[in-house]
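Here the structure comes first, spelled out in structure tokens, and everything after it is commentary.
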2 protein chains.
Amino acid sequence: MKLKTMDISATASASSIVFDALRKAIIEGQLEEGEPLRQDEIARLFNTSRIPVREAISRLEEQGLVKTQRYKGAVVAGLSPKETAEIFDLRALVEPEIIRNAVPLMSSELLAEAREKCAAFSSATDPMTYGDLNRDFHETLYSASDLKFFQEIADNAIDRVERQIRAQLVMSNGMERAGREHFAILEACEKGDADLASRLTREHIQGAKASLLKHLPGA
Amino acid sequence: MKLKTMDISATASASSIVFDALRKAIIEGQLEEGEPLRQDEIARLFNTSRIPVREAISRLEEQGLVKTQRYKGAVVAGLSPKETAEIFDLRALVEPEIIRNAVPLMSSELLAEAREKCAAFSSATDPMTYGDLNRDFHETLYSASDLKFFQEIADNAIDRVERQIRAQLVMSNGMERAGREHFAILEACEKGDADLASRLTREHIQGAKASLLKHLPGA
DNA sequence: ATATTGAATATTGGATCCAATTTGGATTAT
DNA sequence: ATAATCCAAATTGGATCCAATATTCAATAT
């Protein structure tokens, strides 16, 4: 008798669990810029030894989310205004291409899902969730593309400025304008107008960059 | 008495040494695609324990140069023709922007250095060094830009297709055409024509992609 | 002969211990 | 009191050992 094989691989390695948790805590701002990451302390929090913690930290450093100094340890990486601007420029270059590629590949189911996410963002009331809902909408559209490396780049770039994005969203008009722009991007996708969706995405990112830099010291 | 503090940090950590060595071996093709990386074996080669080896491998995986499976180990990552094409598209998007940004920042010293590298590439006779000399030329020009994140992206993208670049260079006309195109890019930089340098860089990459895909099965 | 079971081996993931380095405070000299 | 010095605590980097899992191959049943 044959049994259906069940995927029981739900158990992830300790280092991956620590990595995911630290990454989430960093991009959500629960760990502030410059805050040291003590291996011992983190190991105690997750009931592990420092080995998987070190592996997680080294992966986070490879992603640019932490900086480490030999024998001194790791701190949450911060960005200068100039660096922030560069990341937004990178996003403004890459993400329009992802959308352009994705539009012809969007199923009606995916568009329906994106419409829900778009509505959820526009009607959000809890500032703590602004960032997640914003990201949720964009990633839904991006997921239709088959450009996985482009998506990797975009994901990492967004990770690095997630804190600034959240700040921008709670600023005056941030949510309102983003909501409008999301809706326009969605409409372009529904019309199948890849060029327009691409252009609107670029302007969306450039606008966020501009409104953010206005409030940063000496951009 | 005060002593001048000397920077004695020449001693890198074991994990960094292993990381650099493995990365070099992978992109130069000394380790073939799919070849398993045995922690124990590597540890013996470097006279260390497996701990720094594991850290190095996890960093390499974060860069996409190896793939690991739980309890099965790491293998050198390969690229499908489609993935190779995507990486070249990414390069064709990012690197022209780096050059465009770099041109106004190029000192005459840097241009002189680039000219030397360009000549060295064109007069190269040992196929083993084609890849290094090619990269050397491009990185010299890119180094003038102040877009460090863009450069990170480009560096990693080039890493991932370094093997294919080397193959392309030894193909018929590969070196000859690359040499000509390098010279044209260099001339545009010397003239201070950022737009032209950018366009030539894009065409250089797109041309390499096209000539490469012609020789790949079912691109 | 072929497929299945099961034990021995190989390999990775993690815990514990030790070494190297930094950091901070007590001590001492001026 | 202040600055330099030195020692103890804290912290990271790495080695060794153990646990968990995968792989191989011989033994066995059909």
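Below, chain A is the first sequence line, B the second, and so on; all start at residue 1. Since we're looking at a predicted model, the values are computed, not measured.
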Whole-Å gap separating [atom2] ([N]) and [atom1] ([X]):
| X | N | atom1 | atom2 | answer |
| --- | --- | --- | --- | --- |
| A:Glu55 | D:dT12 | CD | P | 17 Å |
| A:Phe46 | C:dA15 | CZ | C1' | 17 Å |
| B:Ile17 | D:dG13 | CD1 | P | 14 Å |
| A:Arg70 | C:dA19 | CZ | C1' | 12 Å |
| B:Asp40 | D:dG14 | CG | P | 17 Å |
| B:Arg44 | C:dT12 | CZ | P | 11 Å |
| A:Ile42 | D:dT12 | CD1 | C1' | 13 Å |
| B:Ile51 | C:dC18 | CD1 | P | 16 Å |

Shortest non-hydrogen pair, A:Ala74 vs A:Ile57, comes out as CB-CG2, 3.7 Å
What is the nucleic acid contact for [X], judged by heavy atoms within less than 4.0 Å: base, sugar-phosphate only, or nothing?
| X | answer |
| --- | --- |
| B:Arg54 | base |
| B:Thr68 | nothing |
| B:Ile57 | nothing |
| B:Ser15 | sugar-phosphate |

Out of curiosity, A:Ile87 CD1 to B:Phe150 CZ, how far, rounded to the nearest 0.5 Å?
->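 It comes to 9.0 Å.
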Nearest listed nucleotide, side chain of [X], among [options]:
| X | options | result |
| --- | --- | --- |
| B:Ser49 | D:dG13, C:dG14, D:dT16 | D:dT16 |
| B:Lys72 | D:dT23, C:dT22, C:dT12 | D:dT23 |
| A:Gln39 | D:dG14, C:dA15, D:dT12 | D:dT12 |
| B:Tyr71 | C:dT11, C:dG14, D:dA20 | D:dA20 |

Donor-acceptor pair (no angle test) under 3.5 Å: B:Arg50 side chain, C:dG13 base | yes
From CA spacing to verdict: salt bridge (Lys or Arg N to Asp or Glu O under 4.0 Å), B:Glu62, A:Arg23 = CA-CA 14 Å; B:Glu62 208 60 47; A:Arg23 172 179 166 276; over 6 Å; no
Side chain to side chain donor-acceptor pair (under 3.5 Å) between A:Glu97 and A:Ser198, worked out = CA-CA 7 Å; A:Glu97 293 306 312; A:Ser198 174; 4.8 Å; no
Assign the ring pair A:His182 / A:His204 to parallel, tilted or perpendicular, where the plane angle (0 to 90°) is split at 30° and 60°.
->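 Perpendicular.
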Check whether any side-chain nitrogen or oxygen of A:Arg38 sits under 4.0 Å from OP1 or OP2 of D:dT12, and answer yes or no.
-> yes
